[in-house]
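One structure below.
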Amino acid sequence: MSRSTSVNASALRDAAARLRRILIVAAVVLVAAQALWCLIAGSRGAVVRPLGTLPVAAGSTTVLLAATWWFLDHMVRSSMGALVAWMAGGYLGKVAILAVALLGGRTLGLDSRVIGVSLIIAILVGMFSEAIVLTQAPILAVEPMNGDSTDDS
């Protein structure tokens with residue numbers, strides 16, 4: 001493995017760790033906002049079954065944000081051959097979480113608006129966080145060829 005490849009791999013692992021920290025904070029903020037929405041709007045009758053809706057919305061949001069980090073972390077640690085599989089698996093996994101939460105919530109008679117809006121916001125936060133973290137990672141765009149010395153001046 002060349003030096004630049006190991007530098008890139010290290011930078012990507014650091015970016016995944018940074019993403020995990022950002023998504024933990026985002027999950028706490030989103031769950032707090034969901035709790036306020038369910039409790040305040042539920043007391044006015046605007047949210048159907050707020051005490052049942054809140055755990056489903058909070059749980060699915062947390063799982064979706066955790067999946068965002070988990071798939072990225074495994075993608076940056078995998079070989080180039082498995083990269084596409086991790087990317088595709090990440091998208092399919094997130095769609096499955098979305099479908100289970102919405103259809104399960106609807107089946108249980110919960111307020112699907114709260115669950116749906118929460119998941120949409122979680123998806124946007126996850127995508128925005130991924131984009132910011134990966135664009136700020138110090139990744140070498142061009143790797144020097146074997147035998148070329150980058151120290152020659």
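Of all heavy-atom pairs spanning C38 and P50, the tightest one is O-CB, 3.3 Å. Pairing each heavy atom of A46 with each of D111, the nearest pair is O-OD2, 3.7 Å. Closest approach of A58 to Q34, counting heavy atoms only: CA-OE1, 3.0 Å. Closest of all the heavy-atom pairs between A101 and V56 is O-CG1, 4.3 Å.
Using a 4.5 Å heavy-atom cutoff, the side chains of I123 and M127 are in contact. Contact of the T53 side chain with the V48 side chain is not registered, since no non-hydrogen atoms from C-beta on lie closer than 4.5 Å. For the pair L39 and S43, the minimum side-chain heavy-atom distance is 4.5 Å or more. Using a 4.5 Å cut-off on side-chain heavy atoms (C-beta onward), V133 and L72 make no contact. When side chains are defined from C-beta on, L19 does not count as touching I132, because their heavy atoms never get closer than 4.5 Å. Two residues are said to be in side-chain contact when any heavy atoms from C-beta on lie closer than 4.5 Å; L30 and L65 meet this criterion.
Two different hydrophobic clusters hold L110 and W37 under the rule that ILVMFWY side chains link at heavy-atom gaps under 4.5 Å. If you chain together hydrophobic residues whose side chains sit under 4.5 Å apart, L98 and V125 never meet in one group. Follow the hydrophobic side-chain contacts under 4.5 Å out from V100 and you never reach L103; the two are in separate clusters. If you chain together hydrophobic residues whose side chains sit under 4.5 Å apart, I121 and L119 never meet in one group. Residues F71 and W69 share a single hydrophobic cluster, defined by chaining ILVMFWY side chains whose heavy atoms lie under 4.5 Å apart.
Of the inter-residue distances, the one linking D73 atom CG with R20 atom CZ reads 8.0 Å to the nearest 0.5 angstrom. Taking CG of L23 as the reference point, atom CG of L64 lies at 9.5 Å (rounded to 0.5 Å). Atom OG of S129 is separated from atom CZ of R18 by 9.5 Å, given to the nearest 0.5 angstrom. Distance CG/L51 to CZ/R49: 9.5 Å, rounded to 0.5 Å.
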Next item on the list: Mind running side chain to side chain contact (heavy atoms under 4.5 Å, CB included) on M87 and V84 for me, showing each step along the way?
Entry: CA-CA 5 Å; M87 286 178 63; V84 174; 5.5 Å; no

Next item on the list: Apply side chain to side chain contact (heavy atoms under 4.5 Å, CB included) to V31 and L54, showing your working.
Entry: CA-CA 8 Å; V31 168; L54 178 58; 5.6 Å; no

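When L102, V63, T68 are each tested for a side-chain contact (heavy atoms from CB on, under 4.5 Å) with I97, only one passes: V63.
Between W86 and W70, the ring planes are perpendicular. Angles over 60° get that label, and only those under 30° would be called parallel.
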